[in-house]
Amino acid sequence: VQLQASGGGLVQSGGSLRLSCATSGFTLDDFTIAWFRQAPGREREGISCIIGRDGSTYYKDSVKGRFTISRDNAKNAVYLQMNSLKPEDTAVYYCATDESVMATMYPLESVSYKHWGQGTLVTVSS
């Protein structure tokens, strides 16, 4: 199982970015995939996920209505479209995946995931 996040960068407040998570070694339909982020001095937090078996999506309240998670099974990729970005969205963003029932039950908890990609930095300037 491998994951590689990309798409981070510097953007002004109110702008948009789309993060990509390229995957290999597993079938998206069988795994839960989540996006996490970690700002300096803060704990890693789960912000969005998509459940493999039924495609259900979940969002942390702070990003609901602004971020959209999606997947493309043909490209083995998961995306996070981020709109109306705020300075407080500045963080290193990670994608993670797991096939366990725990990941479907607690999809925004980092302990649910065994497989992690490297992070991509998102910086939102005010």
Side-chain angles (χ1 to χ4, degrees):
V1 173
Q2 291 189 324
L3 305 165
Q4 184 169 351
S6 62
L10 174 63
V11 63
Q12 289 189 332
S13 182
S16 298
L17 280 175
R18 189 178 81 153
L19 304 184
S20 299
C21 179
T23 74
S24 62
F26 65 99
T27 302
L28 291 179
D29 285 347
D30 295 333
F31 280 59
T32 297
I33 291 188
W35 285 96
F36 288 78
R37 68 185 181 187
Q38 188 166 20
R42 301 190 67 177
E43 292 187 355
R44 188 173 298 187
E45 62 176 356
I47 58 171
S48 184
C49 66
I50 186 165
I51 307 298
R53 67 176 185 275
D54 62 7
S56 299
T57 58
Y58 298 90
Y59 298 91
K60 186 177 176 67
D61 285 347
S62 59
V63 307
K64 202 173 292 184
R66 299 188 297 123
F67 291 9
T68 303
I69 191 170
S70 62
R71 69 183 180 193
D72 186 332
N73 287 13
K75 294 184 178 180
N76 294 317
V78 175
Y79 306 101
L80 186 68
Q81 178 66 44
M82 305 187 297
N83 299 328
S84 302
L85 283 162
K86 305 175 181 180
E88 52 263 43
D89 295 317
T90 295
V92 178
Y93 285 70
Y94 302 87
C95 53
T97 194
D98 204 277
E99 74 275 30
S100 67
V101 172
M102 184 174 179
T104 66
M105 294 177 63
Y106 306 99
L108 295 183
E109 298 294 330
S110 59
V111 296
S112 298
Y113 296 90
K114 292 190 298 292
H115 311 288
W116 292 80
Q118 90 293 351
T120 186
L121 177 63
V122 172
T123 303
V124 184
S125 63
S126 56

For Lys114, is the NZ atom crowded, meaning more than 12 foreign heavy atoms sit under 6.0 Å from it?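 Counting other residues, nucleotides and ligands, NZ of Lys114 exceeds 12 neighbours.
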
> Crowded around Gln118 CD? As in, over 12 foreign heavy atoms under 6.0 Å?
Replying inline: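 Atom CD in Gln118 is packed in, count exceeds 12.
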
Rounded to the nearest 0.5 Å, what's the gap from [atom1] on [X] to [atom2] on [Y]? Could you check?
{"X": "Leu28", "Y": "Thr97", "atom1": "CG", "atom2": "OG1", "value": "7.5 Å"}
{"X": "Asp98", "Y": "Thr32", "atom1": "CG", "atom2": "OG1", "value": "7.5 Å"}
{"X": "Thr120", "Y": "Leu80", "atom1": "OG1", "atom2": "CG", "value": "11.0 Å"}
{"X": "Tyr113", "Y": "Tyr106", "atom1": "OH", "atom2": "OH", "value": "13.0 Å"}
{"X": "Leu121", "Y": "Thr90", "atom1": "CG", "atom2": "OG1", "value": "8.0 Å"}
{"X": "Tyr79", "Y": "Ser6", "atom1": "OH", "atom2": "OG", "value": "9.0 Å"}

- prompt: When you look at Leu85 and Phe67, which way does the side-chain contact (heavy atoms from CB on, under 4.5 Å) test go after all the steps?
  reply: CA-CA 9 Å; Leu85 283 162; Phe67 291 9; 3.8 Å; yes

Taking all non-hydrogen atoms of both residues into account, name the closest pair between [X] and [Y] and its distance.
{"X": "Arg71", "Y": "Val78", "result": "CB-CG2, 4.0 Å"}
{"X": "Ser48", "Y": "Tyr59", "result": "OG-CE2, 3.1 Å"}
{"X": "Ala77", "Y": "Thr23", "result": "N-OG1, 4.4 Å"}
{"X": "Val1", "Y": "Gly25", "result": "CG2-O, 4.2 Å"}
{"X": "Ile69", "Y": "Ile33", "result": "CD1-O, 4.0 Å"}
{"X": "Ser13", "Y": "Ser126", "result": "CB-CA, 4.2 Å"}

List for me each residue that meets disulfide (SG to SG under 2.5 Å) alongside Cys95, sequence neighbours excluded, and say none if there are none.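 Counting only residues at least two positions away or on another chain, Cys95 forms a disulfide (SG to SG under 2.5 Å) with Cys21.
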
Quick one: do [X] and [Y] end up in the same hydrophobic cluster if we chain Ile, Leu, Val, Met, Phe, Trp and Tyr together by side-chain heavy atoms under 4.5 Å apart?
{"X": "Trp35", "Y": "Val11", "value": "yes"}
{"X": "Leu19", "Y": "Tyr94", "value": "no"}
{"X": "Ile51", "Y": "Val101", "value": "no"}

Does a donor on one side chain sit under 3.5 Å from an acceptor on the other, for Ser16 and Asn83?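 Short answer, yes.
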
- Query: Any side-chain donor-acceptor pair under 3.5 Å between Asp54 and Ser56?
  - Reply: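 Yes.
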
| query | Hey, are Lys64 and Asp61 close enough for a salt bridge, meaning a charged N less than 4.0 Å from a carboxylate O? | reply |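 Answer for the salt bridge query: yes.
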
Establish, yes or no, whether the cationic atom of Arg44 lies under 6.0 Å from the six-membered ring centre of Phe36 and within 45° of the ring axis.
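The answer is no, since Arg44 fails at least one limit relative to Phe36.
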
Non-hydrogen side-chain atoms of Arg37 and Val63 separated by less than 4.5 Å: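 Arg37 vs Val63: side chains touch.
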
pair Glu99-His115: side-chain heavy atoms closer than 4.5 Å =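 They are in contact (side-chain heavy atoms under 4.5 Å apart), so the answer is yes.
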
### Given Gln81, Lys86, Met82, the one that forms side-chain contact (heavy atoms from CB on, under 4.5 Å) with Arg66
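Going through the options one by one, the only one that passes is Lys86.
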
Practice task
Evaluate side-chain contact (heavy atoms from CB on, under 4.5 Å) for Phe26 paired with Leu3, printing each intermediate quantity in order.
Solution key: CA-CA 10 Å; Phe26 65 99; Leu3 305 165; 3.8 Å; yes

